[in-house]
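Notes follow once the structure below has been shown.
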Amino acid sequence: MLLVGCRGETPAKGDIIMKIGFIGCGNMGGALAKAAVKGVSAANVIIAEKDEARAKAFAAETGVTVVTAE
């Protein structure tokens, strides 16, 4: 399952910062999250994954932020 959300913030230069979140980092969610990292950088990608070991491995590989579903 995938959730994509955006939150626009306006920094001093007027650039828009996009945060993208994914629920799950399995085959499909992981592939989409990796593509998002290439487009908006790992600092702006968040994943929520119920398997803690998978989440840690994915974060180590990609540099994304892991959060809980709560």
Side-chain angles (χ1 to χ4, degrees):
M1 186 184 300
L2 164 72
L3 167 72
V4 178
C6 302
R7 185 183 78 207
E9 298 174 356
T10 308
K13 292 183 179 181
D15 295 334
I16 299 292
I17 296 175
M18 182 183 295
K19 300 281 185 179
I20 303 174
F22 296 89
I23 298 174
C25 60
N27 291 333
M28 183 177 287
L32 292 170
K34 287 178 184 178
V37 166
K38 290 179 184 177
V40 298
S41 87
N44 295 320
V45 178
I46 301 166
I47 61 163
E49 169 63 55
K50 64 182 177 181
D51 183 341
E52 187 176 342
R54 180 188 285 185
K56 286 182 180 180
F58 191 80
E61 177 186 347
T62 60
V64 301
T65 302
V66 177
V67 298
T68 62
E70 289 94 29

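Scope of the values below: all heavy atoms of this structure, side chains included, with no hydrogens, waters or symmetry mates. Residue numbers start at 1 and run along the sequence shown.
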Pairs meeting criterion side-chain hydrogen bond (donor to acceptor under 3.5 Å, both in side chains) with involvement of residues 25-35, two or more places apart
Lys34-Glu61

If you compare all heavy atoms of Glu49 against all heavy atoms of Ala55, which two are closest, and at what distance to 0.1 Å?
CB-CB, 3.8 Å

Side-chain heavy atoms nearer than 4.5 Å, only ILVMFWY residues, links allowed to pass through others: does that put Ile46 and Ile23 together?
no

Any link between Met28 and Val37 through a network of hydrophobic side chains (Ile, Leu, Val, Met, Phe, Trp, Tyr) touching at under 4.5 Å?
yes

Residues at least two apart in sequence or cross-chain that pass side chain to side chain contact (heavy atoms under 4.5 Å, CB included) with Ala36, listed by chain then number, are Ile20, Phe22, Val45

